[in-house]
Participant: 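What follows is a single structure, and I will ask about it in a moment.
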Amino acid sequence: MIFVIITITMYQTKKKLREEIAERLKGEWPVNLDDIELVPTPDEKFGDLALSLAFPLAKKLKTNPRAIASRAVELLSGLEGVERIDIAGAGYINLYLDRQSFFEQKFRNLGKSGLEPEEKKIIVEHTNINPNKAAHVGHLRNACLGDTLARCLRYKGERIEVQNYIDDTGVQVVDVVFGLLELEKKSLAEIEKMADRFDYYCWDLYARVSKYLGENEQARNRRAEILKKIEQGNSPEADYAQLVSRRILRAHLATMSRLDITYDVLPCESSILRLKFWEKAFARLKEAGAIYYSTEGETTGCWVMKLEGEEEREKIIVRSDGTVTYVGKDIAYQLWKFGLLGQDFYYEPFATTSDHTIWISSGEPTGYDVHFGGGSKVYNVIDVRQSYLQKVVVQGLKALGYEQEASRSIHFSYEMVALSPRSLSEIKVDLSEEDKERSFLEVSGRKGLGVKADDLIDRLEEKALAEVDKRNPGLQPAAKKLIAAQIAAAAVRYFMLKYARNSLLIFDFDEALNFEGETGPYLQYTAVRLKSIFHKFEERTGITGLELLKTIANSQFSLAGLSPEEARDFWQLVVYGSTLDEEVLRAIATLEFSGLAKFTFNLCQKINGYYHRYPVLAEKNHELRTFRLKTIYFAHEILNQALGLLGIQVPDKM
RNA sequence: GCGCCUGUAGCUCAGUAGGAUAGAGCAGCUGCCUUCUAAGCAGCGGGUCGGGGGUUCGAAUCCCUCCAGGCGCGCCA
């Protein structure tokens with residue numbers, strides 16, 4: 001009796017193979033599962049998967065690698081799903097998969113991921129824009145990375161909660177409130193009446209206020225008064241601040257929704273203050289001896305935390321005037337995320353669409369019985385400049401005895417977005433002589449220096465619309481607009497993902513506005529054209545998609561009937577596409593999504609090459625045509641999954 | 001000063017839990033729109049993987065060192 005082990009994806013195929021290989025070699029040599037590494041071969045002539053264990057083994061056993069390899073080949077004969085094994089070079093053991101059965105298995109399991117969740121609940125926190133001005137391209141990088149992580153984790157089967165922390169009582173909001181009250185003299189009613197793009201208005205105002213406050217001490221004192229009143233709550237200033245920050249928050253959510261990015265919950269700093277989360281955390285920190293009251297040196301009168309691994313370094317958590325620093329609040333907030341504070345916020349709906357509600361925290365009971373937080377693992381998407389502070393927060397968790405949580409509190413760091421000199425001249429900023437010398441400039445909300453997110457997306461939509469108009473003049477205006485919006489979103493998302501997170505992204509309009517080559521629109525174009533082949537097929541034959549699927553699923557075309565070139569190209573496409581799960585796992589493990597972006601791009605290149613070389617609908621031989629339909633159906637499904645992970649939508653036409 | 005990161009083709013970047021001949025895109029040059037959308041495809045040229053040393057059967061990848069650049073090290077957030 002033969003048991004056929006069905007594997008859903010390449011990830012599972014490799015896992016099964018590794019287990020079987022380890023089992024068979026164990027009796028002969030001292031190897032375990034970890035030694036069995038199956039890697040893709042550099043070239044088709046070396047088979048599909050390679051084992052290089054002969055080299056280390058030969059060294060250990062003081063013999064030669066080829067001898068080991070040839071014995072291994074004997075031991076591994078008849079491996080399930082493997083057609084043959086041979087030896088190449090100095091001792092590589094190359095496996096040739098049984099292509100026919102591999103393809104059939106993978107085709108039958110399309111849409112299933114062979115991955116399994118490992119966590120109870122994962123919290124992904126991203127975006128976190130101060131609600132005092134319009135979002136800029138730096139914020140887009142954060143949101144795109146965070147959203148893609150969330151999508152990958154969901155694909156893996158994890159339960160995810162996406163949070164977007166709103167610092168609605170911080171100095172940045174206060175600066176804008178100060179400007180509205182003292183410089184612009186706007187009443188609450190006037191603000192409510194103000195026209196669109198309030199976030200743009202505040203962008204300019206914030207830059208003005210920053211300059212003004214820098215030059216005017218009295219104004220700084222007045223700002224401090226306002227800050228205090230806002231933090232205390234229950235004051236006209238607090239209401240004013242709430243109105244301003246909420247209005248800008250709505251603008252941010254609208255911007256992000258253009259990129260298909262949304263959230264589950266918006267925890268606000270005002271709620272943290274109102275519900276005294278910090279006071280609770282403070283008591284715990286004192287109790288655990290994690291912080292102590294300093295009576296000497298520069299930190300006299302402060303509560304400080306000793307930093308581990310660094311000599312004589314201490315971080316102030318509570319200032320000598322009794323107020324808590326940013327890190328302190330963040331420790332309290334982090335405790336809440338893990339469900340360690342013994343308390344939750346109240347919540348109310350903030351925005352609702354047909355299938356999703358975004359909840360916002362409240363400091364007062366609301367009557368809604370919903371709860372958030374309490375994750376078993378937490379990802380904080382924050383740029384690399386905050387590494388030091390993130391380390392302090394984690395240390396706070398450790399000092400409280402939460403070792404588990406400390407190790408599961410992950411700072412997903414990424415390099416900042418800067419502006420190229422060319423971009424700077426495009427947005428017409430006046431630069432100091434000193435700044436002109438630099439090769440790039442850091443985005444700065446305070447200086448009003450940056451490319452606003454909506455401006456970028458607007459320009460992309462405009463450009464995309466012009467193209468759509470040219471290519472599909474017959475479409476309804478609304479349809480054209482939708483397509484242009486989808487293309488613009490894809491361009492932004494791919495652009496933000498294609499660079500490794502540790503590389504400084506120097507923003508350049510020409511690059512961001514490109515729709516050709518390694519870009520989001522190229523990926524969409526590939527998917528649209530595949531879709532179009534199926535449309536045309538239905539048009540010409542009258543066979544519906546469902547009927548077609550049935551036909552191709554049941555069809556069995558012997559690969560021996562293909563030309564050698566086609567067999568090679570077909571196999572390359574199939575085997576590459578099957579590695580999606582591995583790519584996703586790798587992306588999650590390394591928090592590196594440029595690889596997944598690249599994978600999708602490479603997949604598109606293979607797909608485009610394939611159907612250019614092997615026309616589908618024009619093929620006269622029915623069985624061959626069905627086989628090609630099956631192949632591109634397979635590729636199309638995987639591409640759609642990959643695009644879904646990247647958050648890229650596929651337009652109807654392009 | 002201490003810590004983290006980066007240096008790969010003219011430009012922008014992949015590749016770094018060691019593996020077989022270093023890859024893309026852009027830009028440049030050649031071809032391909034009576035054949036499923038040319039946002040495409042096929043091809044050409046372009047490299048001392050910052051320098052030097054070391055470990056290894058094998059190094060862009062690991063270690064040391066030097067050079068160049070970025071970021072961080074607030075009783076700001």
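First the proteins, then the strands, lettered A, B, ... as listed; each starts at 1.
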Participant: Does a side-chain N-to-carboxylate-O contact under 4.0 Å join A:K598 and A:E518?
Facilitator: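 A salt bridge is present here (some side-chain N lies under 4.0 Å from a carboxylate O).
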Participant: Between A:R529 and B:rA38, is there a side-chain N or O to OP1/OP2 distance below 4.0 Å?
Facilitator: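 Looking at the OP1 and OP2 atoms of B:rA38, one of them is under 4.0 Å from a side-chain N or O of A:R529.
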Participant: Answer yes or no: does a side-chain N or O of A:R613 lie under 4.0 Å from OP1 or OP2 of B:rC41?
Facilitator: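 For B:rC41, OP1/OP2 do not have a side-chain N/O of A:R613 under 4.0 Å.
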Participant: By the 4.0 Å heavy-atom rule, please label A:T169 as base, sugar-phosphate, or nothing.
Facilitator: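 Nothing: the residue A:T169, judged by heavy atoms under 4.0 Å, touches no strand.
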Participant: Under 4.0 Å, heavy atoms only, any strand: does A:A58 hit a base, just the sugar-phosphate, or nothing?
Facilitator: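 Nothing, no heavy atom under 4.0 Å.
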Participant: Give me, pair by pair, the N or O atoms of the protein and of nucleotides 4-9 of chain B that are less than 3.5 Å apart, along with how far apart they are.
Facilitator:
none

Participant: With a sphere of 6.0 Å drawn around CD of A:E37, does it hold more than 12 non-hydrogen atoms of other residues, nucleotides or ligands?
Facilitator: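 Atom CD in A:E37 is not crowded, with 12 or fewer foreign heavy atoms closer than 6.0 Å.
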Participant: Regarding A:R540, tell me which of base, sugar-phosphate or nothing describes its non-hydrogen contacts under 4.0 Å with the strands shown.
Facilitator: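 Sugar-phosphate, backbone atoms only, no base.
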Participant: Once you apply a heavy-atom cut-off of 4.0 Å, does A:I487 come out as touching a base, just sugar-phosphate, or nothing?
Facilitator: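 Base contact.
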Participant: Indicate, with a heavy-atom threshold strictly under 4.0 Å, whether A:Y499 touches base, sugar-phosphate, or nothing.
Facilitator: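 Here A:Y499 touches the backbone only, sparing every base.
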Participant: Expressed as a whole number of angstroms, how long is the span from A:L504:CG to B:rC13:C1'?
Facilitator: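 In whole Å, B:rC13 C1' lies 13 Å from A:L504 CG.
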Participant: With the six-membered base ring of B:rA20 as reference, does the ring of A:F46 sit under 5.5 Å away with planes under 30° apart?
Facilitator: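 Ring-base stacking flag set for A:F46 and B:rA20.
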Participant: With a 3.5 Å cut-off and heavy atoms only, can you find an N or O donor on one side and an acceptor on the other between the side chain of A:N128 and the base of B:rA77?
Facilitator: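 Under the 3.5 Å cut-off, the side chain and the base do not form any donor-acceptor pair.
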Participant: Roughly how many Å is it from CZ in A:R319 to C1' in B:rC76, rounded to a whole number?
Facilitator: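 About 8 Å, once rounded to whole Å.
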Participant: Quick one: A:F601 CZ to B:rA39 P, roughly how many Å, whole number?
Facilitator: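 Whole-Å distance recorded here is 15 Å.
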Participant: Return the orientation label for the A:Y92 and A:F55 ring planes: parallel under 30°, perpendicular over 60°, tilted otherwise.
Facilitator: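 Answer is perpendicular, since the angle exceeds 60°.
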Participant: Under 4.0 Å between a side-chain nitrogen and a carboxylate oxygen: does that hold for A:R222 and A:E225?
Facilitator: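 Between A:E225 and A:R222 there is a salt bridge, with a charged N closer than 4.0 Å to a carboxylate O.
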Participant: Should A:Q605 be listed as having a side-chain N or O under 4.0 Å from OP1 or OP2 of B:rG25?
Facilitator: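 For B:rG25, OP1/OP2 do have a side-chain N/O of A:Q605 under 4.0 Å.
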Participant: Is there a donor and acceptor pair, one atom on the side chain of A:K498 and one on the base of B:rU12, closer than 3.5 Å?
Facilitator: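 Per atom types, no contact qualifies.
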Participant: Contact class for A:K59 (heavy atom, under 4.0 Å): base, sugar-phosphate, or nothing?
Facilitator: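 It contacts sugar-phosphate atoms only.
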Participant: Rounding to an integer number of angstrom, what distance separates B:rG58 and B:rA42 when you compare their P atoms?
Facilitator: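 Comparing P positions in B:rG58 and B:rA42 gives a spacing of 38 Å.
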Participant: Could you state the atom-to-atom distance from CZ of A:F509 to P of B:rU12 in whole Å?
Facilitator: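 Rounded to the whole Å, the gap is 18 Å.
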Participant: What interatomic distance, in whole Å, is found between C1' of B:rA60 and the corresponding atom of B:rG15?
Facilitator: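 That atom pair is separated by 8 Å.
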Participant: Tell me whether the side-chain N/O atoms of A:N608 come closer than 4.0 Å to OP1 or OP2 in B:rG40.
Facilitator: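 No, no such contact exists.
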Participant: With a 4.0 Å cut-off, would you call A:E426 and A:R459 a salt bridge?
Facilitator: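 A salt bridge links A:E426 with A:R459.
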Participant: Among B:rG19, B:rA39, B:rC75, which nucleotide sits nearest the side chain of A:E467?
Facilitator: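 Comparing B:rG19, B:rA39, B:rC75 against the side chain of A:E467, the answer is B:rA39.
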Participant: My understanding is that a pair needs two contacts under 3.5 Å, Watson-Crick or G-U wobble. By that rule, which nucleotide pairs with B:rA68?
Facilitator: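 Check on B:rA68: paired to B:rU6, both distances under 3.5 Å.
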Participant: Suppose we call a contact any N or O donor and acceptor under 3.5 Å apart; does that hold for the side chain of A:Y522 and the base of B:rG25?
Facilitator: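 When only heavy-atom distances are counted, A:Y522 does not reach the base of B:rG25 through any donor-acceptor pair under 3.5 Å.
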Participant: Tell me if the NZ atom of A:K481 is crowded by more than 12 foreign heavy atoms within 6.0 Å.
Facilitator: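 Atom NZ in A:K481 is not packed in, count stays at 12 or less.
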Participant: Between B:rC57 atom C1' and A:L57 atom CG, what is the distance in whole Å?
Facilitator: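 Interatomic distance, CG of A:L57 to C1' of B:rC57: 14 Å.
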Participant: So, OP1 or OP2 of B:rU16: does either fall under 4.0 Å of a side-chain N or O from A:R586?
Facilitator: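 Answer yes for this pair, as a side-chain N or O of A:R586 is under 4.0 Å from OP1 or OP2.
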